[in-house]
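Notes for the one structure printed next.
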Amino acid sequence: MPISSTKFSYQLSFSELLLIWAKEFGRHHLPWQQNPTPYRVWLSEVMLQQTQVKTVIPYFQKFLSVLPTINDLASAQLDQVLALWSGLGYYARARNLHQCAKLIVDQYQGYFPKQINELEKLPGIGRSTAGAIASLAMKQATPILDGNCKRIYARYFMVSGHYSNAAVLKLLWQYAEQVTPIQNTAQFNQAIMDLGSMVCTRTKPLCLQDSKTCPLSSSCSAYKEQQVLNFPHKKEKKKKVNKAAVFLVLTNDDKAIYLEKRKPLGIWGGLWSFPQFDNEKDAHLWLNEQLTDFTVQKISDAKQHTFTHFQLNYHELYVKTKEKLISVNEFNSNCWQPVRDALQLGLPTPIKKTLLSLNKE
DNA sequence: AAGACGTGGCG
DNA sequence: TCGCCAAGTCT
């Protein structure tokens, strides 16, 4: 790191301070840092969207062991990709990932384009993910702007307003461009994410304990003004909408479970789930339509599953039938499966939990 | 532009 | 217990 001679005092820049800090305190052993090919960096970046490192690590390793190259991913079935994604959430990421792999193999000979604007056109790759792939895996000098960067810039430059505001976002990108160095861009981008997750954290930033723990504290506007916890500004919260549902847990004498593949768009898109109804009456109408002989065994307690934008209040109707088949439809979007096999499918988390408890019985 | 889109962990 | 939100993108 270039330190100036003793004759002139020299203020180290934002990026120089951060790079020095990261060399000693940054994370250098995350799985995707070991062999940062475009495929691995891309996979990790998509998994890390709105998802914490600790959650991602086992999914990343499993995914990579099953589909080690972009060609493997491109030739895989979407069902298999969703099964590998099951439990991670935001399943559009998996659908876009698969779509993107096919596109790169078909149209780019299996190699990611180096140009940031080309990367950004690909499904599931926005400006920040494109910047991460280009800088971390392809030596380009492109900035990123993830949640860590946003929080750091909001504090360092005391940016007012919430990220959801387009003008605020634009300003944050301008700061990102301004402080991101042309040299050592990969190290810098990793460093700023490390600082955000380890030091400049949302609730207990370390600077408030000891200013020396943050390499940027002496030039940070919010720190100087004692406003650190007041930035970034919060978004006003809205009440969560409540929705109701009844799930039909239908088993037959062969201990097989009936599942349906959900539509490719919307919540849990493309995943396998129990037949879902708005209420118990609709569930019974469907049962009478589909079956001549069935028994309602039990009704579960009230359960709830909370999503980002609504809360689902539901219960499960456990039904047994002697009829072996409901015809598999032409889209292959329903099936009877032994519970053990069903657990290998791409399942929403609450459905997986119910199947696991069923499997124990 | 604002809302859709999951889940697990933490205080 | 429960609200908050973490390496965003798409429509």
Side-chain angles (χ1 to χ4, degrees), chain A residues 26-27 30-33 36 40-60 82 85-97 99-100 119-133 135-137 143-152 161-170 172-173 176 186 189-198 200-204 232 234-243 262-271 273 304-312 346-353:
Chain A
R27 295 172 294 188
L30 296 170
W32 42 89
Q33 293 178 316
R40 290 159 187 247
V41 170
W42 169 54
L43 177 62
S44 69
E45 287 298 325
V46 173
M47 285 187 166
L48 286 161
Q49 289 168 7
Q50 302 289 283
T51 312
Q52 294 178 337
V53 168
K54 189 183 171 188
T55 305
V56 165
I57 288 175
Y59 282 90
F60 177 80
L82 286 171
W85 211 270
S86 176
L88 249 195
Y90 285 140
Y91 298 96
R93 294 184 295 175
R95 302 194 298 270
N96 285 330
L97 197 80
Q99 179 65 29
C100 185
L119 281 171
E120 261 191 83
K121 288 180 195 165
L122 296 167
I125 299 181
R127 184 173 177 188
S128 189
T129 299
I133 297 169
S135 62
L136 300 179
I144 60 169
L145 189 63
D146 72 338
N148 292 305
C149 303
K150 288 173 183 167
R151 188 170 56 256
I152 289 171
H162 189 263
Y163 314 140
S164 57
N165 181 312
V168 173
L169 211 51
K170 185 178 174 186
L172 291 169
W173 270 112
N189 283 344
Q190 185 59 56
I192 195 163
M193 291 188 283
D194 290 349
L195 189 77
S197 70
M198 300 166 69
C200 194
T201 56
R202 186 175 54 91
T203 52
K204 289 181 179 177
K234 287 173 193 156
K235 192 180 178 179
E236 82 282 17
K237 50 177 177 277
K238 289 179 180 172
K239 263 201 296 186
K240 212 159 267 188
V241 174
N242 282 297
K243 298 186 182 182
R262 298 175 66 92
K263 287 196 275 288
L265 261 49
I267 200 83
W268 295 339
L271 300 188
S273 185
Q304 61 180 44
H305 186 77
T306 306
F307 297 90
T308 308
H309 50 303
F310 68 93
Q311 177 172 300
L312 189 65
L347 303 165
T349 292
I351 284 28
K352 181 172 274 188
K353 285 180 178 166

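In what follows, chains are A, B, ... by sequence order, proteins preceding strands, each numbered from 1. The figures that follow rest on heavy atoms only: side chains count, while hydrogens, waters and symmetry mates do not.
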- Under 4.0 angstrom, heavy atoms only, what part of the nucleic acid is A/Arg27 near: base, sugar-phosphate, or nothing? base

- Note on the structure: Nt span of DNA chain C in reach of chain A heavy atoms at under 4.0 Å, 5' end first, is C/dC4 to C/dC10

- Just jot down the salt bridge (Lys or Arg N to Asp or Glu O under 4.0 Å) partners of A/Arg202, sequence neighbours excluded, or say none. none

- Query: Once you round it to whole Å, what is the distance between C1' of B/dT7 and OH of A/Tyr90?
  - Reply: 9 Å

- Message: What is the separation between atom CG on A/Leu48 and atom C1' on B/dG6, rounded to the nearest whole Å?
- Response: 15 Å

- By nearest-nucleotide position on DNA chain B, the 5'-leaning member of A/Ala92 and A/Lys204 is A/Ala92

- Provide the distance between the two C1' atoms, one in B/dA1 and one in C/dT11, to the nearest whole Å. 11 Å

- Message: For a quick check of understanding: with a heavy-atom distance under 4.0 Å over all strands, which category does A/Trp85 fall into, base, sugar-phosphate or nothing?
- Response: nothing

- A/Phe310 has an atom CZ; how far is it from atom C1' of B/dG6, in whole Å? 10 Å

- Message: Over all strands shown, is A/Leu30 touching base, sugar-phosphate only, or nothing at heavy-atom distances under 4.0 angstrom?
- Response: base

- Query: For B/dT7, does OP1 or OP2 lie under 4.0 Å from any side-chain N or O of A/Thr55?
  - Reply: no

- With A/Arg127, which residues qualify under salt bridge (Lys or Arg N to Asp or Glu O under 4.0 Å), at least two apart? A/Glu177

- Give a yes/no on whether any side-chain N or O of A/Lys353 is located under 4.0 angstrom from OP1 or OP2 of B/dG8. yes

- Message: Show the nearest heavy-atom pair for residues A/Pro232 and A/Tyr163, with the distance to one decimal.
- Response: CG-OH, 2.9 Å

- Using a heavy-atom cut-off of under 4.0 Å over every strand shown, decide if A/Val56 touches base, sugar-phosphate, or nothing. nothing

- Query: How far, in whole Å, is B/dA2 from C/dA7 if one measures between their C1' atoms?
  - Reply: 23 Å

- Task: Under the salt bridge (Lys or Arg N to Asp or Glu O under 4.0 Å) rule, collect the residues that match up with A/Lys240, sequence neighbours excluded.
- Result: none

- Message: Counting the atoms with a prime plus P, OP1 and OP2 as sugar-phosphate, which does A/Gly196 contact under 4.0 Å by heavy atoms, base, sugar-phosphate, or nothing?
- Response: nothing

- Query: Which parts of residues 125-132 of chain A get close to DNA chain C, meaning a heavy atom less than 4.0 angstrom away?
  - Reply: A/Ile125, A/Gly126, A/Arg127, A/Ser128, A/Thr129

- Query: Going by heavy atoms in the side chains, are A/Glu45 and A/Ile125 under 4.5 Å from each other?
  - Reply: no

- B/dG6 to C/dC5 separation - C1' atoms, rounded to the nearest Å: 12 Å

- Value for CZ (A/Arg151) from CG (A/Leu195), rounded to nearest 0.5 Å, stands at 9.0 Å

- Message: Can you see if the side chain of A/His305 gets near the phosphate of B/dG6 - specifically, an N or O under 4.0 Å from OP1 or OP2?
- Response: no

Please enumerate all protein N or O atoms sitting under 3.5 Å from an N or O of nucleotides 1-3 of chain B, with distances to 0.1 Å.
unit_1	atom_1	unit_2	atom_2	d
B/dG3	OP1	A/Lys238	NZ	2.6
B/dG3	OP2	A/Lys238	NZ	3.0

